[in-house]
Each structure stands twice: as structure tokens, then as C-alpha cells.
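Worksheet for the structure shown next.
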Amino acid sequence: MTRPALDSRVAFPETPADAAGLHAQTAPGHPLALLTEWLDDLVRRDAVEPHYVTLATASASGVPSSRTVQLLAVEADALLFTTNLGSRKGVEMRETGRAAVSMYWRETARSVNVTGSVVEAEAAENDERFAAEDRAVQVARAVSFHGLPLDDEAEQLQRYRALVDSGEPVRRPDYWGWFRVVPDAVTFWEGVPQALNRRLHYTRSDSGWNRRAIQA
Ligand SMILES: Cc1cc2nc3c(=O)[nH]c(=O)nc-3n(C[C@H](O)[C@H](O)[C@H](O)COP(=O)(O)O)c2cc1C
């Protein structure tokens with residue numbers, strides 16, 4: 001007997017009645033203002049880890065890849081992240097200058113998809129942000145390089161402990177930095193299964209942001 005691959009008894013998510021209301025007429029003019037409202041609402045609802053999101057990139061030849069990252073901040077016109085710029089995502093962002101970010105939250109049955117340009121932080125900002133990190137995080141970033149083969153885990157752990165215990169200041173590795181995704185299109189989705197799900201699509205033009213409802 002074959003089993004269904006996924007549990008079809010799981011109910012389709014539904015945006016809480018006191019949150020629902022994604023409408024072009026009442027939505028903020030800037031999509032990141034709406035994203036901030038949605039994240040604040042998730043925090044008020046004690047949502048589980050609402051800032052872990054999916055970051056997608058593609059190689060110059062168009063091979064896509066994605067991974068989970070932490071959304072560090074929603075700024076006035078950008079999403080802030082940190083990473084190893086020599087990682088696959090880092091290399092691909094440098095090749096294409098582009099990235100996409102996907103977010104989904106069970107607690108509010110909402111989702112946001114962003115596409116945009118990548119802007120790397122200057123060295124001075126990277127140094128300042130790195131210096132503000134916990135020592136254990138700094139050391140982990142210094143001894144581990146995203147994506148390289150790990151042949152001797154014990155040896156790596158030894159180097160990690162030795163550097164943590166040394167008390168020596170940890171210099172920011174050249175490959176570690178912060179970057180911003182500056183959006184050019186953002187789509188918001190909310191689940192309204194008893195009616196029809198809603199989507200609101202923002203696009204950037206020379207004169208600012210336009211928004212319109214699109215079919216879900
Ligand atoms: C919950 C969670 C949060 C993560 N946050 C980050 C992050 O903020 N930055 C980062 O570079 N990797 C983060 N990672 C690790 C990435 O998912 C990924 O393994 C790593 O960045 C290498 O990705 P790449 O080889 O595709 O570039 C996180 C993983 C998880 C599961």
C-alpha cells in the first residue's frame with residue numbers, strides 16, 4: 001500500500017480574523033512598511049522564529065539555490081543580512097547582484113516574497129558589526145568557512161576552543177560581511193480559505209512604489 005507523501009489532514013492555514021485585511025486601498029505605500037507591520041504582529045502573537053527566512057540566489061548560468069538565513073533588520077528600504085561572502089550564496093550574489101527572499105508564518109497564514117538587488121556593506125560597517133558580535137560567534141566565523149569540506153571535526157573544534165579561550169581579539173575574516181537586499185518587487189499573501197486568498201503585489205518604478213491586488 002502506498003502512503004500519501006504528506007499528511008493531507010493538516011488544515012490549510014488561515015489568517016486570524018483580527019489580522020486579515022490585505023487590501024490595496026488601505027495598505028502602506030512602501031512594502032517594507034507593511035512587512036514591518038506584519039512582523040510586529042507576529043512578535044505580538046509570540047510566533048516561533050518569525051525572522052528565519054529563505055534566501056534564494058542563482059548562479060550566472062541560472063542554476064538556483066536557496067537556504068535559511070536570519071533576517072537581521074527591516075530598514076526603510078532594505079532587508080539586512082549577514083553571511084560568508086565566499087559561500088555559494090555570497091559568490092552567486094556577487095555574480096548576479098540579485099537575490100530573492102521568501103517568508104512564511106504559520107501563526108498568521110501569511111507569506112511575503114521579495115526580489116531585489118544586493119548591496120554589500122562597506123568594510124567599516126562590517127568591522128563595526130563584527131566587533132559587536134558575541135565572542136563565540138566571532139570565533140565560529142573565523143574557524144569555519146561555509147561550504148568547504150570538513151575533514152577533521154575534532155581538529156576544527158580544538159581550534160575553536162583554543163581561540164575562544166585565548167582571550168585574543170578576533171579579527172573579522174575578509175570573507176565575513178553584511179549585505180542588504182534592496183527590493184524592486186514584493187508580493188504579500190494571506191490565507192483566507194473560506195473566501196479567496198489575497199495577494200498584493202508592489203513594484204518599484206522611477207516615481208516610487210505602485211501596488212495592486214493580484215489573483216491568488
Ligand atoms: C535557523 C537558521 C539560521 C541561519 N542563519 C544564517 C544566516 O543568518 N547567515 C548565513 O550565512 N547562514 C545562516 N544559516 C546557515 C545557512 O542556512 C546555510 O547553511 C549557510 O549559509 C551556507 O549556505 P550556502 O552554502 O548556500 O551559501 C542559518 C541556518 C539556519 C537553519
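The first residue in the sequence is number 1, and the count goes up from there.
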> Cluster question for you: counting only ILVMFWY and a side-chain heavy-atom cut-off of under 4.5 Å, with indirect links fine, are Leu32 and Trp189 together?
Replying inline: no
> Can you tell which of Thr187, Asn210, Asn113 makes a side chain to side chain donor-acceptor pair (under 3.5 Å) with His201?
Replying inline: Thr187
>> What I'd like to find out is whether the side chain of Leu22 reaches to under 4.5 Å of the side chain of Leu34, using heavy atoms alone.
In response: yes
>> Donor-acceptor pair, distance only, cut-off 3.5 Å: does the side chain of Arg204 make one with the backbone of Pro183?
In response: yes
> Pick one: which of Glu120, Glu122, Glu125 meets salt bridge (charged side-chain N to carboxylate O under 4.0 Å, His left out) with Arg180?
Replying inline: Glu125
> Under the 3.5 angstrom rule, does the side chain of Thr82 hit a backbone N or O of Gly177 as a donor-acceptor pair?
Replying inline: yes
> In the single-linkage hydrophobic clustering (I, L, V, M, F, W, Y; side-chain heavy atoms under 4.5 Å), do Val101 and Val69 co-cluster?
Replying inline: yes
>> For residues Trp178 and Phe145: do they belong to one hydrophobic cluster (side chain heavy atoms under 4.5 Å, members Ile, Leu, Val, Met, Phe, Trp, Tyr)?
In response: yes
> Could Arg44 and Asp40 be called an ion pair, given the rule that one side-chain N must be under 4.0 Å from one carboxylate O?
Replying inline: no
>> Using only atom types and a distance under 3.5 Å, with no angle test, would you say the side chain of Thr15 pairs donor to acceptor with the backbone of Ala109?
In response: yes
>> Would the distance check show the side chain of Gln156 and the main-chain N or O of Val143 forming a donor-acceptor pair, the cut-off being under 3.5 Å?
In response: yes
> Hey, is CD on Glu128 packed in by over 12 heavy atoms from elsewhere, all under 6.0 Å?
Replying inline: no
> Distance from Ser87 atom OG to Met93 atom CE, nearest 0.5 Å?
Replying inline: 6.5 Å
>> I'd like to know if the side chain of Arg135 reaches the main chain of Val164, judged simply by a donor and an acceptor atom lying under 3.5 Å from each other, with no hydrogens or angles considered.
In response: yes
> Judged by atom type as modelled, is there a donor-acceptor pair below 3.5 Å linking the side chain of Glu190 to the main-chain atoms of Ala20?
Replying inline: no
>> Does Glu75 have more than 12 heavy atoms from other residues, nucleotides or ligands lying within 6.0 Å of its CD?
In response: yes
>> Checking the side chain of Tyr175 only, and the main-chain atoms of Ala142 only, is there a donor and an acceptor separated by less than 3.5 Å?
In response: yes
> Which atom pair, heavy atoms only, marks the closest approach of Phe81 to Gln70?
Replying inline: CD2-O, 3.3 Å
> Do Thr36 and His30 pass the side-chain contact (heavy atoms from CB on, under 4.5 Å) test, and can you show the C-alpha distance, the side-chain angles, and the key distance before you say yes or no?
Replying inline: CA-CA 10 Å; Thr36 300; His30 197 297; over 6 Å; no
>> Hydrophobic cluster membership, with links at side-chain heavy-atom distances under 4.5 Å among I/L/V/M/F/W/Y: are Val114 and Leu71 in one?
In response: yes
>> Which heavy atom of Pro31 sits nearest to which heavy atom of Trp209, and what is that distance?
In response: CD-CD2, 3.5 Å
> Which is it for Arg159 and Asp152 under the salt bridge (Lys or Arg N to Asp or Glu O under 4.0 Å) test, yes or no, and what are the steps along the way?
Replying inline: CA-CA 11 Å; Arg159 274 192 294 127; Asp152 190 343; over 6 Å; no
>> Testing the basics here: between Thr54 and Ser66, what is the closest heavy-atom pair and its distance to 0.1 Å?
In response: CG2-CB, 3.8 Å
> How many angstroms lie between NE2 in His51 and CE in Met103, if you round to the nearest 0.5 Å?
Replying inline: 9.5 Å
> What's the spacing between Ser65 OG and Lys89 NZ if we round to 0.5 Å?
Replying inline: 8.5 Å
> Are side-chain heavy atoms of Glu92 and Val118 found at a separation under 4.5 Å?
Replying inline: no
> With a 4.5 Å limit on heavy-atom distance, are the side chains of Glu49 and Thr68 in contact?
Replying inline: no
> So, the side chain of Arg141 versus the backbone of Phe130: is there a donor-acceptor pair under 3.5 Å, distance only?
Replying inline: no
>> Salt bridge check, Arg129 against Glu133: does any charged N sit closer than 4.0 Å to a carboxylate O?
In response: no
> Which ILVMFWY residues are connected to Val182, directly or by a chain of links, through side-chain heavy atoms under 4.5 Å apart?
Replying inline: Val119
> Among all residues two or more places apart in sequence or in another chain, which pass the side-chain contact (heavy atoms from CB on, under 4.5 Å) test with Leu42?
Replying inline: Leu39, Ala47, Pro50, Trp105, Glu107, Thr108
> What residues form a side chain to side chain donor-acceptor pair (under 3.5 Å) with Ser144, not counting sequence neighbours?
Replying inline: none
> Which pair of non-hydrogen atoms, one from Ser111 and one from Trp38, has the smallest distance, and what is that distance?
Replying inline: O-CZ3, 3.7 Å
>> Could you check whether any side-chain heavy atom of Leu79 comes within less than 4.5 Å of a side-chain heavy atom of Val53, counting everything from C-beta outward?
In response: no
> More than 12 non-hydrogen atoms from neighbouring residues, nucleotides or ligands closer than 6.0 Å to CD on Gln215, yes or no?
Replying inline: no
> Say you draw a straight line from CG of Asp18 to CG of Asp41; how long is it, rounded to the nearest 0.5 Å?
Replying inline: 7.0 Å
>> Do Thr57 and Arg67 pair up side chain to side chain, a donor and an acceptor below 3.5 Å, judged on atom types alone?
In response: yes
> Is the count of non-hydrogen atoms from other residues, nucleotides or ligands lying under 6.0 Å from Leu196 atom CG greater than 12?
Replying inline: no
> How close do Tyr202 and Ala27 get, heavy atom to heavy atom, and via which atoms?
Replying inline: OH-CB, 3.4 Å
> With the 4.5 Å side-chain cut-off for hydrophobic clustering, are Val139 and Leu148 part of the same group?
Replying inline: yes
>> Quick check: closest heavy atoms across Pro28 and Ala33, and the distance to 0.1 Å?
In response: CB-CB, 3.8 Å
>> Within the structure provided, determine whether Leu55 and Phe179 are in side-chain contact (heavy-atom separation under 4.5 Å).
In response: yes
>> Taking Gln25's backbone N and O only, do any of them form a donor-acceptor pair with His23's side chain (distance below 3.5 Å, no angle check)?
In response: no
> How far does CZ of Arg198 sit from CD1 of Ile214, to the nearest 0.5 angstrom?
Replying inline: 14.0 Å
>> So that I can tick it off, tell me whether Asp184 and Arg98 are bridged by a salt bridge, with the cut-off set at under 4.0 angstrom between side-chain N and carboxylate O.
In response: yes
> Between Asn84 (side chain) and Trp176 (backbone), is there a donor-acceptor pair under 3.5 Å?
Replying inline: no
